[in-house]
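The structure appears below as structure tokens.
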Amino acid sequence: MSENPESQFTVLTACNRDCGDSCSIVATVADNRITKLAGDPNHPVTKGFLCHRTSRFLERQYSPERLTTPLVRIGDHFQPASWDEVLCRISQTMLTIREESGPAAIMHYRCGGSMGMMKLVTDYFFEKFGPVTIKTGDVCTGAGDAAQQADFGRIDSHDLFDLKNSRTIILWGKNPYVSQVHLLPVLREARKNGTRLILIDPVHHQTAQLCDQYVQPRPGGDIAVVMAMVRSLLDGGSNGIDETADTYCDHIEEFCTQARSRSVQQWADLADVTVGEIQLLSASYASGPSAIISGWGMQRRASGAATIRAIDALAAITGNLGVAGGGVSYCFARRGAFDLSFIKGEAVAPRLIPEPLFGPGILAASDPPIRMVWVTAANPVVMLPESHTVQQALRTRELTVVVDSFMTDTALCADIVLPTTTMLEDDDILGAYGHHWLAEMRPVVAAPVDVKTDYEIIQNLAPLVGLQEEFSDDVETWKRRLLRSVEDRGASLDDIRAGSVRNPRAPGVMFADRRFATSSGRVNLVQTLNPSPPSTTLERPLLLMALATAAVQGSQWLPGSQDDYLAATVHPDAASDYADNDVAEIESECGSLTVRLRFDEQQRRDVVLVPKGGWLNKGRCANTLIKAQTTDAGNCAVYFDTPVRLRKRQI
Ligand SMILES: Nc1nc2c(c(=O)[nH]1)N[C@H]1C(S)=C(S)[C@@H](COP(=O)(O)OP(=O)(O)OC[C@H]3O[C@@H](n4cnc5c(=O)[nH]c(N)nc54)[C@H](O)[C@@H]3O)O[C@H]1N2
Ligand SMILES: Nc1nc2c(c(=O)[nH]1)N[C@H]1C(S)=C(S)[C@@H](COP(=O)(O)OP(=O)(O)OC[C@H]3O[C@@H](n4cnc5c(=O)[nH]c(N)nc54)[C@H](O)[C@@H]3O)O[C@H]1N2
Ligand SMILES: [Mo]
């Protein structure tokens, strides 16, 4: 904290939102009110600026719509209640259900509301009380996680600044202008120094302008793109294929045989790109070292894990693994510095529900049925597939508790809503999934009197269910415990307080000795792949893609920003019966949604793009159209494979 003469002071904290950047924030406080948020100029990644959405976080912080007291459902409306009253009712219900049905009859669900490590203490509470039913897999990254685990045995990325060593960088399905703006300075600098940048994305977006080559394959056409590249390199007299790859890769022959099963032209046709584009792409990639930054959109498809495995294999056989400037950076191990050995998770849970099947899974659970659900840091009604099923699942439990700061569609399903802090009132510690720096969050201002952090809620509940001792430590003690295994390596809490600290366990270059964490110690190349892209039907010729947008984090819209119909971007040829700005309906097998059309000639003719996270009660929720399904591995959600059609608005 530093003070200036006008009694204004600043507090250094960190952004806990679900984003790779985990920025270091300088918050200015005057008269107990936060007046300004800025990026920390001394942080190597934040570099003194914040993204669009967190720059405007004070509008959420001081929104009149914030929840400031516990609420209890009475019929169709909610009534304020005291903490004593709600915690008493919750604890009694928990004890009764555990006694009568066993702890599997309670489900605890948490998603991406905060990246803070203290949120795991809530998981720990339910594990100690139960263990209870929890989710398995991950709707965000599950398929790609499973892919990299299978291929390499470990999931982490090259140091962010290792990109300086790349001659070519492929942004494979990634839109940093929206989802990770602090990657942009690194990319710009690399480009200034002569690195070639390439974007491969079925959706045209601003990142294309930053790149030397832009390839716009059909959605889900990536396996075919990889195979076309491999075939093209194999045909070129193995130019670009690493002759020593068989010393550190298993199944090379099987992988290459697949690539040889079609010609470059056939693969290119399958991907809906030209042979010329493939040749340029392969030549750039082969003149490495080349890095692939893999986005996550393409693994939210039925063949999501296979797609990432194909990309991993391409990097492996071209010698781009284990070298500076290379790698397939899918995800940074944000938890890698922390000692999480206190929590056992899936290993001890009595029942697991795949996250994408949350709604149907709860409804189908039997022996015992799920009688109570606790949701924290998540808005599953809006963010998980089959919103109406999720809604029904939550509305029909004996007790649904939702912890949030706003009355979301999920909170509207609750019997009890518990008001929680924003990131500017929370006390926590963070890693990042887009770089390797660690950061501490500090309460910048006190929370409103009846608002508690997730940990305070658990601390208040624990004594009522016989767990007082386990949850009596203060946050400072937890933070030190979490950092136990790196405190002797320059990453203690005091070190983090003194300046930016990089996770000392994270390598700069992944697998630098070309030893992999698989059982053979070698890369486990994927052997069989189904390269077919997702198909549309004659009746429903467009694939729906609900994507992140710059102004919004997930479903956390600013007040007043959801007044119009959801914007749906299409190529004009895909909507020839309509005009730009028309109101229309998008219809899938599951339902329909009213939208306002936006024409964009740079998009493909087989997609319709909408923002993700629109609220159900505002008629803007894309997940009402999407079926609950899991990907080929890792239990990710199949968000982007839904065929839809446009139809005139039904009045
Ligand atoms: N402003 C903002 N930032 C966010 C978020 C937000 O809601 N708003 N969400 C955060 C979260 S939860 C996450 S997980 C990360 C998101 O991380 P990502 O999901 O990686 O997000 P994007 O960078 O938007 O990348 C998705 C890209 O994948 C592309 N894509 C979709 N299907 C395919 C395909 O079949 N092939 C290829 N090649 N590309 C495809 C999409 O067109 C899109 O450009 O971002 C985080 N950052
Ligand atoms: N159709 C479609 N659906 C998608 C996606 C997609 O691309 N397309 N993306 C998916 C992805 S990548 C993800 S990660 C998920 C995200 O799914 P969620 O994490 O469920 O999404 P958010 O909208 O960020 O909801 C987080 C909620 O947590 C609350 N919150 C914030 N901080 C705290 C806190 O400290 N404590 C508590 N208790 N609550 C807090 C916020 O107010 C917000 O309501 O959505 C997925 N859904
Ligand atoms: Mo995510």
Side-chain angles (χ1 to χ4, degrees), residues 16-21 51-54 60 109-114 116 118-119 122 138-141 171-181 183 199-205 207 215-222 225 293-301 303-304 307 311 330-331 355-356 375-385 402-406 408-411 418-423 425-426 428 433-434 453-454 457 533-534 543-557 607 609-614 621-623 625-626 636-637 639-642:
N16 70 359
R17 306 181 93 184
D18 192 342
C19 164
D21 290 348
C51 69
H52 184 89
R53 62 205 190 284
T54 295
R60 266 179 86 72
Y109 176 71
R110 185 172 65 81
C111 195
S114 161
M118 284 300 294
K119 303 300 164 188
T122 304
D138 193 285
V139 293
C140 180
T141 58
L171 294 158
W172 205 313
K174 180 113 199 147
N175 185 2
Y177 279 96
V178 164
S179 66
Q180 202 183 336
V181 291
L183 179 58
L199 173 69
I200 304 176
D201 201 313
V203 175
H204 181 273
H205 48 74
T207 313
V215 183
Q216 193 172 23
R218 78 170 85 248
D222 305 278
V225 172
I293 302 177
S294 160
W296 301 351
M298 62 191 156
Q299 52 93 56
R300 295 184 194 127
R301 296 189 182 276
S303 299
T307 302
I311 290 172
Y330 171 69
C331 201
E355 189 175 16
V375 177
T376 192
N379 187 3
V381 169
V382 167
M383 301 314 280
L384 298 184
V402 174
V403 187
D404 207 305
S405 335
F406 288 87
T408 64
D409 284 302
T410 302
L418 303 178
T420 197
T421 45
T422 66
M423 68 169 168
E425 298 150 357
D426 205 354
D428 211 326
Y433 62 73
T453 66
D454 284 283
I457 294 171
L543 282 176
L544 175 68
M545 295 173 67
L547 298 166
T549 47
V552 191
Q553 175 69 49
S555 63
Q556 302 170 44
W557 299 75
V607 294
L609 316 172
V610 296
K612 74 172 177 183
C621 181
N623 280 323
L625 304 181
I626 297 169
C636 190
Y639 281 123
F640 296 146
D641 285 355
T642 303

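Treat the numbers as computed from the prediction; the structure is a model and nothing was measured. Remember, it's 1-based here, ligands and their atoms both numbered in the order they're listed.
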Need the ligand 1 atom indices (1-based, order shown) with element for anything under 4.0 Å from a heavy-atom of [X].
X: Gly295; answer: 20 (O)
X: Val203; answer: 42 (O)
X: Thr549; answer: 1 (N), 2 (C), 8 (N)
X: Trp172; answer: 38 (N)
X: Lys174; answer: 23 (O), 25 (O)

> Is it the side chain, the backbone, both or neither of His205 that has a heavy atom closer than 4.0 Å to ligand 1?
Replying inline: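 Side chain only.
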
>> Counting only heavy atoms closer than 4.0 Å, does ligand 1 sit against the backbone of Ala550, its side chain, both, or neither?
In response: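 The part of Ala550 near ligand 1 is the backbone, not the side chain.
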
So, [X] versus [Y]: side-chain donor-acceptor pair below 3.5 Å or not?
X: Asp454; Y: Thr122; result: no
X: Arg17; Y: Gln556; result: yes
X: Asp426; Y: Thr453; result: no

Test item: [X] side-chain N/O and [Y] main-chain N/O as donor-acceptor pair under 3.5 Å:
X: Trp296; Y: Tyr330; answer: yes
X: Asp428; Y: Met118; answer: yes
X: Gln299; Y: Cys140; answer: yes

> Would you say Val225 contacts ligand 1, with heavy atoms under 4.0 Å as the rule?
Replying inline: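 For ligand 1, residue contact (heavy atoms, under 4.0 Å) with Val225 is absent.
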
> By side chain to side chain donor-acceptor pair (under 3.5 Å), which residues pair with Tyr433, not counting sequence neighbours?
Replying inline: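 Listed in chain order: Asp18.
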
> Are any non-hydrogen side-chain atoms of Val203 and Met545 less than 4.5 angstrom apart?
Replying inline: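 SC-SC contact between Val203 and Met545 confirmed.
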
>> For a side-chain contact (heavy atoms from CB on, under 4.5 Å) check, start with the C-alpha distance between Leu544 and Val610, then their side-chain angles and the critical distance, and finish with the verdict.
In response: CA-CA 8 Å; Leu544 175 68; Val610 296; 4.0 Å; yes

>> Evaluate Met298 against Ile200 for side-chain contact (heavy atoms from CB on, under 4.5 Å), listing each step before the verdict.
In response: CA-CA 11 Å; Met298 62 191 156; Ile200 304 176; over 6 Å; no

>> Please give me the minimum heavy-atom distance between Ala378 and Arg110, naming the atom from each residue.
In response: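 Heavy atoms only, the tightest pair is CB-C, 4.3 Å.
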
>> So if I only count non-hydrogen atoms and take anything under 4.0 Å from ligand 2, which residues does that give, chain by chain?
In response: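 Residues within 4.0 Å of ligand 2: Asp18, Arg60, Cys111, Gly112, Gly113, Ser114, Lys119, Cys140, Arg300, Thr376, Ala377, Ala378, Asn379, Met383, Val403, Asp404, Thr408, Thr420, Asp426, Asp454, Ala546, Gly554, Ser555, Gln556, Lys612, Asn623, Ile626, Tyr639, Phe640.
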
>> Below the 3.5 angstrom mark, is there an N/O of Ile200, backbone or side chain, next to an N/O of ligand 1?
In response: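 Yes; at least one N/O pair falls below 3.5 Å.
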
>> Quick check: Pro176 and ligand 1, any N/O pair under 3.5 Å apart?
In response: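 It does not: no N or O of Pro176 is found under 3.5 Å from an N or O of ligand 1.
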
